[in-house]
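Worth knowing before you read on, the calculation uses all heavy atoms, side chains too, and leaves out hydrogens, waters and symmetry mates.
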Amino acid sequence: MTATVSRFQLLRGEIGGGSKAIRPPHALTEGLFVETCDRSGACVRACPAKIVTKGRGGFPTVDFSNGECTFCMDCVRACRSGALDRRALEDEATAAWTLKATITDACLALRGVTCRTCGEFCDSSAIRFRLVVGGSAIPEINFSACSGCGACIAPCPVAAVKPDYHD
C-alpha cells in the first residue's frame, strides 16, 4: 500500500485509488460521510427508484443503471446517522449535489453517428444538440440546467454519458 492512499480509501476498500463513489443526494463531504455513515442500509431500502445501493465497505452509492434520482428525499429521511444532511429537508434551496452528466469521447454523435438518446431522456432539457453543417448534431450540456438526476445515463447505447462532480 502506498502513502498516497487515504484512510477513507482504505475504509472503502479502494486501495488502488479508484474513482470517487457517487453518494446519495445531500451526502456530507466524503471524509465526514465515511466517518458518520452507520452502513445500516436504511437509505438503500428507502429509495423507491432502487438507485441507492450498497457499495464498497457497505457504504451507500448511487447506481444510475437502475434508473434516475427523483430527489424524493426518502433516503435523507431514512438516514439516522446524519451522513445525509437532514437540513436539506427544511431548505429546498440547498443543492442536492454537484453531480452533473458528462459526455465522453465514446459518444456516437461525436463520432458522426446520429444519436440523440441522452437528450430525449433529459426532462430538464440540459442536453441540447448543436447542429453541424454536413455532420451529426453535437451534444452540449448546460451544467446550470443539469440536476444530476442520471436519467440520461442508462439509456445511452454506448455508455458515453457518465456522472461526474462539478464543483
Side-chain angles (χ1 to χ4, degrees), residues 8 12 14 18-104 106-109 115-130 137 139-167:
F8 302 115
R12 290 190 311 258
E14 295 178 356
S19 61
K20 185 175 179 180
I22 300 170
R23 301 298 180 203
H26 301 290
L28 300 175
T29 59
E30 186 65 10
L32 287 173
F33 180 84
V34 170
E35 287 179 10
T36 307
C37 180
D38 62 9
R39 297 180 274 182
S40 69
C43 59
V44 173
R45 290 186 300 277
C47 180
K50 304 297 183 212
I51 64 164
V52 180
T53 61
K54 279 202 175 202
R56 290 183 181 147
F59 291 103
T61 61
V62 173
D63 180 358
F64 289 117
S65 68
N66 295 335
E68 67 186 272
C69 183
T70 62
F71 303 104
C72 66
M73 306 292 277
D74 287 355
C75 58
V76 177
R77 284 183 197 88
C79 178
R80 298 292 173 228
S81 70
L84 301 181
D85 193 351
R86 295 184 66 78
R87 290 175 295 175
L89 295 172
E90 292 91 43
D91 182 12
E92 291 182 23
T94 306
W97 49 17
T98 59
L99 193 73
K100 306 290 180 185
T102 301
I103 298 174
T104 67
C107 174
L108 292 174
C115 180
R116 293 185 180 207
T117 303
C118 58
E120 291 168 1
F121 282 85
C122 182
D123 288 339
S124 65
S125 299
I127 303 174
R128 302 272 177 127
F129 289 81
R130 182 174 40 92
E140 295 178 340
I141 299 176
N142 177 347
F143 292 119
S144 62
C146 179
S147 67
C149 71
C152 57
I153 295 172
C156 179
V158 293
V161 184
K162 303 286 185 193
D164 195 15
Y165 288 97
H166 292 259
D167 297 321

Checklist entry - Given Val62 and Ile51, is the side chain to side chain contact (heavy atoms under 4.5 Å, CB included) satisfied, shown in steps? => result CA-CA 5 Å; Val62 173; Ile51 64 164; 3.8 Å; yes
Item to check | Over all atoms of both residues, closest heavy-atom pair of Val161 and Ile153 | outcome: O-CG2, 3.6 Å
Item to check | Flag side-chain contact, heavy atom, 4.5 Å: Cys115 against Pro157 | outcome: yes
Checklist entry - If only atom types and distance count, is the side chain of Lys100 paired as donor or acceptor with the main-chain N or O of Phe143 below 3.5 Å? => result yes
Checklist outcome for this item: Separation between SG (Cys122) and CD (Glu120), nearest 0.5 Å, reads 11.5 Å
Item to check | Side-chain (Arg45) to main-chain (Ser40) donor-acceptor, under 3.5 angstrom | outcome: yes
Item to check | Verdict with reasoning, Arg39 to Phe59, per side chain to side chain contact (heavy atoms under 4.5 Å, CB included) | outcome: CA-CA 5 Å; Arg39 297 180 274 182; Phe59 291 103; 3.7 Å; yes
Checklist outcome for this item: For Ala137 and Arg116 the tightest heavy-atom approach is CB-NH2, 3.1 Å
Next on the checklist: Between Asp164 and Lys162, does any side-chain N to carboxylate O distance fall below 4.0 Å?
Outcome noted: no
Item to check | Point-to-point distance, once rounded to the nearest 0.5 Å, from SG of Cys149 to CZ of Phe71 | outcome: 6.0 Å
Checklist entry - For Ala101 and Cys146, which heavy atoms make the closest approach, and how far apart are they? => result N-SG, 3.5 Å
Next on the checklist: One thing to verify: whether Arg128 and Glu140 come together as a salt bridge, which I'm taking to mean a side-chain N less than 4.0 angstrom from a carboxylate O.
Outcome noted: no
Checklist entry - Once you round to the nearest 0.5 Å, how far does NE2 of His26 lie from SG of Cys43? => result 13.5 Å
Next on the checklist: Taking the side chain as everything from C-beta on, heavy atoms only, tell me whether Phe33 gets closer than 4.5 Å to Leu84.
Outcome noted: yes
Checklist entry - Taking the side chain as C-beta and beyond, is there a heavy-atom pair between Pro48 and Asp74 under 4.5 Å? => result yes
Item to check | Gap between atom OG1 of Thr36 and atom CG of Leu28 - 0.5 Å precision | outcome: 5.5 Å
Checklist entry - Shortest non-hydrogen contact from Gly148 to Phe64? => result O-CZ, 3.6 Å
Next on the checklist: When you compare the side chain of Pro163 with that of Thr102, does any pair of heavy atoms fall below 4.5 Å?
Outcome noted: no
Next on the checklist: I want to check something: taking the side chain as every heavy atom from C-beta on, are Ile22 and Leu99 in contact at a cut-off of under 4.5 Å?
Outcome noted: yes
Item to check | Flag side-chain contact, heavy atom, 4.5 Å: Val158 against Cys156 | outcome: yes
Item to check | Shortest non-hydrogen separation from Cys107 to Pro139 and the atoms involved | outcome: SG-CG, 3.8 Å
Next on the checklist: Against the six-membered ring of Tyr165, is Lys20 placed for a cation-pi contact (under 6.0 Å from the centre, within 45° of the normal)?
Outcome noted: yes
Checklist entry - Is there side-chain contact between Ile127 and Cys152, with heavy atoms separated by less than 4.5 Å? => result yes
Item to check | Arg86 side chain to Val76 backbone, donor-acceptor under 3.5 Å | outcome: yes
Checklist entry - Do Pro25 and Cys69 touch side chain to side chain, with heavy atoms closer than 4.5 Å? => result yes
Next on the checklist: How close do Cys72 and Arg77 get, counting heavy atoms only, and between which atoms?
Outcome noted: O-NH1, 2.9 Å
Item to check | Main-chain N/O of Arg23 paired with Thr61 side-chain donor or acceptor, under 3.5 Å | outcome: no
